[in-house]
Structure formats: structure tokens, C-alpha cells
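When reading the values below, keep in mind they use all heavy atoms of this one structure, side chains included, and skip hydrogens, waters and symmetry mates. Along the sequence shown, residues carry numbers from 1.
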Amino acid sequence: MKLLRFGPKGAEKPGLLDDQGVMRDLSGQVADIGGTVLSDDGLAAIAALDPSSLPEVAKGTRLGTPIAGTGKMICIGLNYADHAAESGSKVPDEPLIFMKATSAIQGPNDPIVIPRGAETLDWEIELGIVIGTAAKYVSEADALDYVAGFVLANDVSERSYQKDRSGQWTKGKSCDSFGPLGPWLVTRDQVADPQNLSMKLSVNGAVMQDGSTATMVFGVAKLVSYLSQFMTLHPGDVISTGTPPGVAMGMPTPRYLRPGDIVELEIEGLGQQRAEVVADT
């Protein structure tokens, strides 16, 4: 299934995308796409519905983040060896983790806002893992059982805040609008192999990133298991798994995002995003 949330910001309703690409309203069936709805039983109940019996959502309706009530967004740094190389960093021996504030999360096509004083705004296409069942001390062999599905993510980054302002990376990753997710949550039964998905990001039509999740250093199962050793992962939590090479920071002469730029990205089977970059007014 492809689950989504639609409507004005802060008042989104739950929905799904049917096999004909029509958005359907789930608000008469579930309260939202979060909590126990993300469990295997909750997803099975939605899957048992006849999509044609659900009200259609008007074309062009805004899409919000497809997950409600995300408690934490955990990001993995330097998880592609070639991206680590372009960043001038070595591949870590264990997953490098940092947090992105949940206030950064937004819909897939909402504008990306350049914060005041920012001059090095960068892009990072990433595979997002959405937790469906609380996970603590889970094995790698069982890890995927705790996953509700996957989502397209853009780990937008202000490099000067991240690298030049001391402390942790979090402040360079957490500005408002720095966490576009969606367009939909694709349930794990619809993703045959999360370690074999093509991914591409373009700026103003020029391809900047063209990679595959096959080159991740630490895969999905490893990451879920690893993180669960340190903290309980709750339904709706998102793990953003790192980015392939092609970010602005890695260019010989970096070309960072500016107002008016259009950022488009897609991961095989997970849909597309298209966002305009705007200045903070």
C-alpha cells in the first residue's frame, strides 16, 4: 500500500493511493497514519478495505508528511563510502547517528526555506525507514518485522551551521523545512528489497545524485537493530539512512541552493518530490 496524508498544513487527513493513482480519503476509517495504525494488524485492516469505496481526494490537493506523530527522526551520516570520500571523511566503524528536529519535517512538495544567514544550503536524497512496532534490543534477523515501510526523504542541510559553528551536526540539519518526507509511505510488503533501490536527485533539471541503496555501508536491518540497542524505536519514528555522492559540498566548486531553485528527487517505487527553494521572509 501507499499511505499518505493530505490537506492544509496542520490539518492533514489520512489517505491512500489506489492502484489507478487516485488518492482516497481514509479519515472515515482511521484517525491518522500513526501509532497502532502502523502495526502489522493496523496495516492489514487498511489493506482489507476496498479502495473504490473510499471518497476520492481532489487532484492537486496538498500532500503533507505521510506519517503522523513522529517522535524522533534519526539520521545516519556517512553511510555511503563514496559520499564519505567526497566529504573528506573516513567510513565510520559503526553507524554515525545524529538527530533532526521533528519540527523540520514537512510535506514532500512544500517550499524549502533558506534560514536567515545561511549561505551553504545543500541537498541529500535518502531512504527513510518508518517504524511500525516498538523495537528494543531486536536482532538483525528480526529487524524488518518492526518496520512499517519506507519513505523518500531529503536531508536538507545548511553546511555552515553543520560544520563551522562547533558542536553537533543537529543545528545544521534541523531548521524549519529541512525534513521533507513523502509523497507516501510505502508498506514493507511492497518493497521487495530495500537494498536495491535506484535514487536520483536533480536541481533545476540537472542530475546531481544518481545512486542506489545497494551501496549503503550499513543496511536497513543493521540500522534498525543497531539503534534499538541504544533507544526504543516507537511507531512513527523515522530513520534517514544516509545519502549517495553528488551533494553540493562535495563539488570542486560547490554550487549551493539559492532562491528560485527547483529540487526534484525520487527513489524507485517510493515516488517523487518537487520543491522550490525560497528565502525566509
Side-chain angles (χ1 to χ4, degrees), residues 5-12 59-66 70 73 75 77 83 86-87 98-126 128 151-184 199-211 238 240 242-267 270-281:
R5 298 172 69 246
F6 65 91
K9 189 174 294 188
E12 292 91 347
K59 290 182 179 180
T61 300
R62 173 189 173 270
L63 290 172
T65 170
T70 296
M73 186 168 177
C75 299
H83 170 59
E86 74 172 351
S87 302
F98 60 92
M99 308 298 283
K100 184 185 286 281
T102 56
S103 55
I105 296 173
Q106 65 174 16
N109 305 316
D110 292 340
I112 296 171
V113 180
I114 303 177
R116 295 180 183 177
E119 297 180 348
T120 55
L121 192 69
D122 209 345
W123 56 82
E124 293 191 5
I125 185 173
E126 307 204 358
V151 68
L152 172 58
N154 188 358
D155 177 21
V156 182
S157 308
E158 171 47 44
R159 300 302 188 187
S160 64
Y161 296 175
Q162 175 189 355
K163 310 213 23 122
D164 302 331
R165 300 286 292 273
S166 74
Q168 299 179 341
W169 290 2
T170 302
K171 62 175 169 283
K173 302 282 189 170
S174 294
C175 302
D176 293 350
S177 81
F178 276 22
L181 297 179
W184 36 74
M199 46 203 318
K200 185 177 293 186
L201 181 145
S202 301
V203 178
N204 300 331
V207 175
M208 299 297 179
Q209 293 183 276
D210 189 358
V238 176
S240 200
T243 198
V247 300
M249 180 177 64
M251 298 176 180
T253 303
R255 194 287 196 192
Y256 293 108
L257 293 170
R258 300 188 289 258
D261 286 344
I262 301 296
V263 183
E264 297 173 288
L265 52 156
E266 61 180 313
I267 293 180
L270 301 188
Q272 302 173 331
Q273 295 182 7
R274 185 183 189 276
E276 181 179 0
V277 179
V278 301
D280 190 334
T281 57

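To the nearest 0.5 Å, atom CD1 of residue Ile105 and atom OG1 of residue Thr70 are 4.5 Å apart. The distance from the CG atom of Leu265 to the CD1 atom of Ile125 is 4.5 Å, given to the nearest 0.5 Å. Note that the CD atom of Glu158 and the CH2 atom of Trp169 stand 14.5 Å from one another [nearest 0.5 Å]. To the nearest 0.5 Å, the span separating NZ on Lys171 from OG on Ser160 amounts to 10.0 Å. One distance of note links CD1 of Ile262 with CG of Asn204; it measures 7.0 Å at 0.5 Å rounding. Rounding to the nearest 0.5 Å gives a distance of 13.5 Å between CD of Glu119 and CG of Leu257.
Applying side-chain contact (heavy atoms from CB on, under 4.5 Å) to Leu201 and the options Glu264, Glu124, Glu126, Met208 leaves one that passes, Met208.
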Stepwise, does the side-chain contact (heavy atoms from CB on, under 4.5 Å) test hold for Leu121 with Phe178? CA-CA 10 Å; Leu121 192 69; Phe178 276 22; 3.3 Å; yes
Check the pair Asp261 / Trp123 against side-chain contact (heavy atoms from CB on, under 4.5 Å), numbers first and verdict last. CA-CA 12 Å; Asp261 286 344; Trp123 56 82; over 6 Å; no
Quick one, Asp280 with Asp176, criterion side-chain contact (heavy atoms from CB on, under 4.5 Å). Give me CA distance, side-chain angles, the key distance, then yes/no. CA-CA 10 Å; Asp280 190 334; Asp176 293 350; over 6 Å; no
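The nearest pair of heavy atoms linking Leu270 to Pro183 is O-CD, 3.5 Å. Of all heavy-atom pairs between Arg255 and Ala248, the closest is O-CB, 3.6 Å. Closest of all the heavy-atom pairs between Pro108 and Gly64 is CD-O, 3.6 Å. What you find for Leu181 and Ala153 is that their closest heavy atoms are CD2-CB, 3.6 Å.
Ser174 is not listed as a side-chain neighbour of Tyr161, based on a closest heavy-atom distance of 4.5 Å or more. Contact annotation: the side chain of Glu12 approaches that of Arg62 to within less than 4.5 Å [non-hydrogen atoms, C-beta and beyond]. In this structure, the side chains of Val156 and Val263 stay at 4.5 Å or more apart for every pair of heavy atoms. Looking at heavy atoms from C-beta onward, Gln162 lies out of side-chain contact with Asp122 at the 4.5 angstrom threshold. Side-chain contact check for Met73 versus Ser240: some heavy-atom pair is nearer than 4.5 Å. Side-chain atoms of Val113 and Gln106, non-hydrogen and from C-beta on, never get closer than 4.5 Å to each other. Side-chain contact between Pro180 and Asp110 is absent, with no heavy-atom pair separated by less than 4.5 Å. Between Thr120 and Pro254, the closest side-chain pair of non-hydrogen atoms is not below 4.5 Å.
No side-chain donor-acceptor contact under 3.5 Å links Ser202 to the backbone of Lys200. A donor-acceptor contact shorter than 3.5 Å is absent between the side chain of Gln273 and the backbone of Asn109. With hydrogens and angles disregarded, no donor-acceptor distance shorter than 3.5 Å links the side chain of Lys173 to the backbone of Gly179.
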